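Single-structure report; data block below.
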Amino acid sequence: MSSQLTPLAADVRGYAFPTLTAEQINRIRPLSKVRRVEAGEILFEPGDSDIPFFVVLSGTLDIVQPDRQGERLIVKHEAGSFTGEITMISGRLSLVRGRVTAPGEFLEMSNHDLRTLVARDAELSEIFMRAFILRRMGLIEAQGGDVILIGSRHSAGTLRLQQFLTRNGTPYHWVDIDNEAGVETLLERFHVSVDEVPIVVCRAEKVLKNPSNEQLAECLAINPQMDDATVRDVLVIGAGPAGLAAAVYAASEGLDVLVIETTAPGGQAGSSSKIENYLGFPTGISGQALAGRALVQAQKFGADVAVASSAVRLRCDRRPYEIELSNGHTVRGRAVIIATGAEYRQLALADLARFVGVGVYYAATHVESQLCTEEEVIVVGGGNSAGQAAVYLARSCRRVNILVRASGLADSMSRYLIGRIEDTPNITLHVRTQLTALEGSDRLERVTWRDAANGADTTSDIRHVFLMTGAVPNTRWLQGCVPLDDRGFVRVGSDLRAEDLLAARWPLQRPPYLMETGIPGIFAVGDVRSGSVKRVASAVGEGSISVQLVHRVLQE
């Protein structure tokens, strides 16, 4: 019987490390070769890419991970077991070492052939994909990665890197310089000082001092290689629910897909602590979990996903269309799906930018909630995201204050969330109230809000504010290429006016399709679209619908 990752609950261990039947193994054989292995043989190392997939026929294989104490055993594979976790699908670098501990015979399959098998065999696909996801979850829970993040809970840079690693599903070892003993020795080992934090030790070899997300992504090699000369069938810009849905459907239907995402899969929805009104999840699902599953689906079907790069400019005057990226690359596509979504509106407050990450946050996930345990906090906003954040934070915070400008929540929030807020004793709703001042030295220390009903100001020593107010479209990179409405959202389909089509020089006899902009073959879906519903389910629907329209355009 194989030993399993200790963080995994007992009821999922069998799914994470199943034993294949003889009949299942026989279905793997046609795409595999038999390999004789000897004790002590190393089959793969941390940092290796494109590693094979192995099924143990006889003998044993230890999966271990180097750490600061030497080496940690993750699992011992015996007859019927198979190797791999999510890197087999994502194409990222291996996190573990595979060492043969007893001689025998293994089936060896290339990464390409594994993808082929997963696409053809529904039963094996379910077994492998479920195991890969659960194994990655175990690595994350055990901080089982080859990344060390050394930082402070009072550092905006540290929080940014924690958010990036967490939302991209990258396991890492967290070292808190404020509380962990022996930090000085660790810093000396890597020749850095305390005032240079946050520090990332990447793949146990390269030391990065307060790196950008792009620098960290490059060091971790988490993105596919980009060839500026390659012309994709479709470029999807943005990996929120709409973009990921488009990627899943396009890739599953045989299109060559590249997805470009600024930060991490999930978009604004990915920062939601729990979505309870999404079809098929009666107990709810976190935005990060939903995004992670969708990402694996897209990659399973062959979509390439690149993170930590932003679209800077769309060149729409000729086809294939070209998009300049912040990393200096230019990507080309026969069709484009704009799914860049919207971001929370920044309040007009003095010193707001100074406190972002050190008291002011635009997400309320486990990462942020750890910073304010047993404290009083403020959530600004009256939409579903604000309601989900307030309910989630109320579990660990002493008190949660919700500030809204309106006279109530009924016009902007789902009824189930309103009921949850009303039933939570440590949540206080302040209506017709707005935040007016933020104060502090190197981090937020106190806030002031004003009650519009009586004009009274209240100042309180509250150190954590979560801003979830309104939506501003991420359309700056379009630079007038496609028609926008007066708020900057993209007009599509029947919402396009005659003057919009005239200004965009619409060249075809047919009118634009449902999600098509004023430029043929360029579509806009999800929150970035003018008049969108701003719900996860509608975004997913729009993303999937747009793919059918892309097929029509590519056949023209």
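Predicted, not measured: the structure shown is a model, and the values here were computed from it. The first residue in the sequence is number 1, and the count goes up from there.
Between T330 and D228, the side chains place no donor N or O within less than 3.5 Å of an acceptor N or O (distance only, hydrogens not considered). Neither side chain, T87 nor S94, offers a donor N or O lying under 3.5 Å from an acceptor on the other. For the residue pair Q388/E276, the side-chain donor-acceptor check at 3.5 Å is not satisfied. No hydrogens or angles considered: nothing links the side chains of Q65 and E71 as a donor-acceptor pair under 3.5 Å. With hydrogens and angles left out, the side-chain atoms of S385 and Y344 include a donor and acceptor closer than 3.5 Å. With no hydrogens or angles considered, a side-chain donor-acceptor pair links E368 and T365 at under 3.5 Å. Between S155 and T158, the side chains place a donor N or O and an acceptor N or O closer than 3.5 Å (distance only, hydrogens not considered). Between the side chains of T116 and D113, no donor N or O sits under 3.5 Å from an acceptor N or O.
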R153 and D176: salt bridge (charged side-chain N to carboxylate O under 4.0 Å, His left out), yes or no, with the steps?
CA-CA 7 Å; R153 294 179 183 272; D176 186 351; 3.1 Å; yes
Evaluate the side chain to side chain donor-acceptor pair (under 3.5 Å) criterion for residues T262 and S310: first the C-alpha distance (whole Å), next the side-chain angles of each, then the deciding distance (0.1 Å), finally the verdict.
CA-CA 5 Å; T262 301; S310 302; 3.2 Å; yes
Run the side-chain contact (heavy atoms from CB on, under 4.5 Å) test on Q24 and L124 for me, step by step, so that the C-alpha distance in whole Å, both residues' side-chain angles and the decisive distance to 0.1 Å come before the verdict.
CA-CA 8 Å; Q24 290 167 339; L124 289 176; 4.0 Å; yes
With side-chain contact (heavy atoms from CB on, under 4.5 Å) as the test, would you mind laying out the steps for F106 and V34 before giving the verdict?
CA-CA 6 Å; F106 293 180; V34 177; over 6 Å; no
Carefully, step by step, assess D62 and R97 under the rule salt bridge (charged side-chain N to carboxylate O under 4.0 Å, His left out).
CA-CA 8 Å; D62 281 2; R97 174 180 297 136; over 6 Å; no
In sequence, state the C-alpha distance, the side-chain angles, and the governing distance for S414 and N384, and then conclude on side chain to side chain donor-acceptor pair (under 3.5 Å).
CA-CA 6 Å; S414 296; N384 275 9; 2.9 Å; yes
Taking it one step at a time, do F53 and N111 satisfy side-chain contact (heavy atoms from CB on, under 4.5 Å)?
CA-CA 7 Å; F53 174 79; N111 195 275; over 6 Å; no
Can you check side-chain contact (heavy atoms from CB on, under 4.5 Å) on T83 and V96, steps first, answer last?
CA-CA 11 Å; T83 63; V96 296; over 6 Å; no
Run the salt bridge (charged side-chain N to carboxylate O under 4.0 Å, His left out) test on K76 and E78 for me, step by step, so that the C-alpha distance in whole Å, both residues' side-chain angles and the decisive distance to 0.1 Å come before the verdict.
CA-CA 6 Å; K76 179 181 288 293; E78 299 175 345; over 6 Å; no
Derivation and outcome, salt bridge (charged side-chain N to carboxylate O under 4.0 Å, His left out), residues E542 and R535:
CA-CA 11 Å; E542 291 181 18; R535 287 290 188 270; over 6 Å; no
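For E218, the CD atom sits in a loose shell: 12 or fewer heavy atoms of surrounding residues, nucleotides or ligands are nearer than 6.0 Å. Counting heavy atoms of neighbouring residues, nucleotides and ligands inside a 6.0 Å radius, atom CD of E126 does not exceed 12 of them. The environment of L279 atom CG is sparse: at most 12 non-hydrogen atoms of other residues, nucleotides or ligands sit within 6.0 angstrom. Surrounding CZ of R27 are more than 12 heavy atoms belonging to other residues, nucleotides or ligands, all under 6.0 Å away. The number of heavy-atom neighbours closer than 6.0 Å to CZ of F466, taken from other residues, nucleotides and ligands shown, is above 12. Other residues, nucleotides and ligands place more than 12 heavy atoms under 6.0 Å from the CD atom of E23. Environment of CZ in R120: sparse, with no more than 12 heavy atoms of neighbouring residues, nucleotides or ligands closer than 6.0 Å. Few gaps surround NE2 on H329; more than 12 heavy atoms of other groups in view lie less than 6.0 Å from it.
Taking the side chain as every heavy atom from C-beta outward, S286 and K274 never approach each other to under 4.5 Å. At least one side-chain heavy atom of V536 sits less than 4.5 Å from a side-chain heavy atom of L290. Proximity of D304 to V257: side-chain heavy atoms (C-beta onward) are nowhere separated by under 4.5 Å. For the pair H366 and S273, the minimum side-chain heavy-atom distance is 4.5 Å or more. No side-chain heavy atom of V248 sits less than 4.5 Å from a side-chain heavy atom of Q299. Using a 4.5 Å heavy-atom threshold, the side chains of L107 and L57 count as touching. Counting heavy atoms from C-beta on, the side chains of V201 and V147 never come closer than 4.5 Å.
Pairing each heavy atom of A239 with each of E261, the nearest pair is N-OE1, 2.7 Å. In terms of heavy atoms, L208 sits closest to C219 at CD1-CB, 3.9 Å. Considering every non-hydrogen atom in both L20 and I127, the closest pair reads CD2-CG2, 4.2 Å. Shortest non-hydrogen contact noted between A339 and V528 is CA-CG1, 4.4 Å. The nearest pair of heavy atoms linking A246 to I337 is CB-CD1, 3.8 Å. Considering all non-hydrogen atoms of both residues, E214 and S326 come closest at OE1-OG, 3.7 Å.
For the pair E141 (side chain) and G138 (backbone), a donor-acceptor distance under 3.5 Å is absent. Using modelled atom types, one side-chain atom of N168 and one backbone atom of F164 make a donor-acceptor pair closer than 3.5 Å. Between the side chain of R135 and the main chain of G84, a donor-acceptor pair closer than 3.5 Å is present. Under a 3.5 Å cut-off, the side chain of N223 and the backbone N or O of V307 do form a donor-acceptor pair. The backbone N or O of A342 sits less than 3.5 Å from a side-chain atom of Q268, completing a donor-acceptor pair. Judged purely by atom type and a 3.5 angstrom limit, S252 uses its side chain to pair as donor or acceptor with the backbone of Y249.
In this structure, the salt bridge (charged side-chain N to carboxylate O under 4.0 Å, His left out) partners of R334, at least two apart in sequence or on a different chain, are D233.
Note that CZ of R35 and CD of E108 are 5.0 Å apart. Values are rounded to the nearest 0.5 Å. Note that CG of L93 is 9.5 Å distant from CD1 of I51, once rounded to the nearest 0.5 Å. Taking CG of L95 as the start and CD1 of I63 as the end, the distance is 11.5 Å to the nearest 0.5 Å. In this structure, R160 CZ and L165 CG are separated by 10.0 Å, a value rounded to the nearest 0.5 Å. We find the CD1-OH distance between I140 and Y172 to be 9.5 Å, quoted to the nearest 0.5 Å. Atom-to-atom distance recorded for T263:OG1 and E343:CD is 9.5 Å, nearest 0.5 angstrom.
For the pair R232 and D256, the salt-bridge criterion is met [side-chain N within less than 4.0 Å of a carboxylate O].
You'll find the ring centres of F82 and F54 outside the 6.0 Å limit.
Per the SG-SG cut-off, C372 and C397 are not bridged by a disulfide [distance not under 2.5 Å].
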